[in-house]
Number of protein chains: 2
Amino acid sequence: MKKNERHHLLRKLVQEDVIKKQEDFVDKLHERGIEVTQATISRDMKELQLVKAPAQNGGYRYNLPPEIDYDVSQKLSRLMKDAFVSIDTQREFVLIRTLPGNAFALAALIEAARYKEMFGCISGDDTVLVISRDEKSAQRLQKKIISFI
Amino acid sequence: MKKNERHHLLRKLVQEDVIKKQEDFVDKLHERGIEVTQATISRDMKELQLVKAPAQNGGYRYNLPPEIDYDVSQKLSRLMKDAFVSIDTQREFVLIRTLPGNAFALAALIEAARYKEMFGCISGDDTVLVISRDEKSAQRLQKKIISFI
DNA sequence: GGATAAAGTGTATAAATATACTGAAGAATT
DNA sequence: AATTCTTCAGTATATTTATACACTTTATCC
């Protein structure tokens, strides 16, 4: 079992089962004949950005990344690496320039990412304008977007 | 300092500062002359449902609840307790019945909650119809919604 | 008010998680 | 092919987080 396969399985398991702690993952994998240690799971959690969240019912449960979907994240990363030109903020606005023709796709992904800082998002051919909730949010957004490159 | 005030402050801090571990909270509060121990913070994290999430840059950071805003959650809980009548799923649909006149408010809150399982949501006077992404999601949604009662 | 219950917190510690260190296995380089 | 580099994962352990227990404070009831 390759690491990548395991990652996919973990993402599947975390959605289907209630995983309260990393050892639960170890056990679930063990049931499937896959041997890993808690240490490996801890590293997997980090890479997949899974979080142990307090649940409504008082317990804990591992969850998918809070804010941004893994797939969206992957796509954003790819597109940013491919088509990103520049980024800047002014007041509550974040302006992203891309290679011609890529802004619309980028805007769609940014929408899909559902950043809590974001208020709205419009795009032209090579420009995405993100309107955030305030100045601080704009800066935070800029950082987040840059981090994909 | 009352627990509730502290909770508000924690929610503020977690948005403004990078909090990597619970001790960071203890320190931040200490700076403001508020004395608490890590144990209390752990309990606060649980009640506020804050999560320690792996960050893009490789570190960790405490975050607000992943999927659902604290206020929204509170309101949903209140409204569900007040106005909920019944819930059922069929295929990828979840149908919620409420006391007359409450469905619109409930739908608005469900929208605000931005469940990842949800595709869309419409409402009448006493009925909310949630369209989810697939059958499994519908069941998961049902559970989540019931859990507010 | 006094009694009783409920909520909140610290201390100490158990439980869970992250990581330094190490070695194995494969890929890349010469 | 030998050497070096990189990735991966286990072991052992450090770090972090959760909680049992005890005590204090606050609310509730009579």
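Side chains are part of it too, since the values below use all heavy atoms of this structure and drop only hydrogens, waters and symmetry mates. Residue numbers start from 1 in every chain, and the chains themselves are labelled A, B, ... in the order their sequence lines are given, proteins ahead of strands. Just so it is clear, the model here is predicted, and its values are computed rather than measured.
With rounding to whole Å, B/K3 atom NZ is found 13 Å from D/dT26 atom C1'. Distance A/L10 CG to D/dC8 P: 14 Å, rounded to the nearest Å. What separates CZ of A/R43 from P of D/dC8 is a distance of 11 Å, to the nearest Å. Atom CG in B/D44 sits about 13 Å away from atom C1' in D/dA18, given to the nearest Å. One interatomic measurement links the two molecules: OH of A/Y60 to P of D/dT16, which rounds to 17 Å at whole-angstrom precision. Here the C1' atom of nucleotide D/dT15 and the CD atom of B/E23 are 10 Å apart, to the nearest Å. D/dT24 atom P lies 19 Å from atom NZ of B/K2, rounded to whole Å. Between A/Q22 atom CD and D/dA18 atom C1' there is a gap of 14 Å when expressed in whole angstrom units.
Here A/R6 reaches the OP1 or OP2 of D/dA9: one of its side-chain N or O atoms lies under 4.0 Å away. Residue B/K52 has no polar side-chain atom (N or O) positioned under 4.0 Å from OP1 or OP2 of D/dT16. The shortest distance between the side-chain N/O atoms of A/T40 and the OP1/OP2 oxygens of D/dG10 is below 4.0 Å.
Grouping the Ile, Leu, Val, Met, Phe, Trp and Tyr side chains by contacts below 4.5 angstrom, directly or via other members, places A/M80 with A/I146. In terms of hydrophobic clustering, with Ile, Leu, Val, Met, Phe, Trp and Tyr side chains grouped at heavy-atom distances under 4.5 Å, B/I34 and B/I19 are assigned to a common cluster. Under a hydrophobic clustering in which Ile, Leu, Val, Met, Phe, Trp and Tyr are joined whenever their side-chain heavy atoms come within less than 4.5 Å, directly or via other members, B/L10 and B/Y60 fall into different clusters.
Among the atoms of the strands shown, only primed sugar atoms or phosphate atoms (P, OP1, OP2) are found under 4.0 Å from some heavy atom of A/Y62.
No hydrogens or angles considered: nothing links the side chains of B/S42 and B/K46 as a donor-acceptor pair under 3.5 Å. For the 3.5 Å distance criterion, the side chains of A/S86 and A/R97 fail to qualify, holding no donor opposite an acceptor.
Toward the 5' end of DNA chain C, the nearer of the two residues B/Q38 and A/Q38, judged by each one's closest nucleotide, is B/Q38.
The 12-atom threshold is not exceeded at CD of A/Q90, counting heavy atoms of other residues, nucleotides or ligands nearer than 6.0 Å.
Note that the first and last nucleotides of DNA chain C, 5' to 3', having any atom under 4.0 angstrom from a heavy atom of chain A are C/dA16 to C/dA20.
B/Y62 pairs in a side chain to side chain donor-acceptor pair (under 3.5 Å) with only one of the listed residues (B/K52, B/Q22, B/Q15), which is B/Q22.
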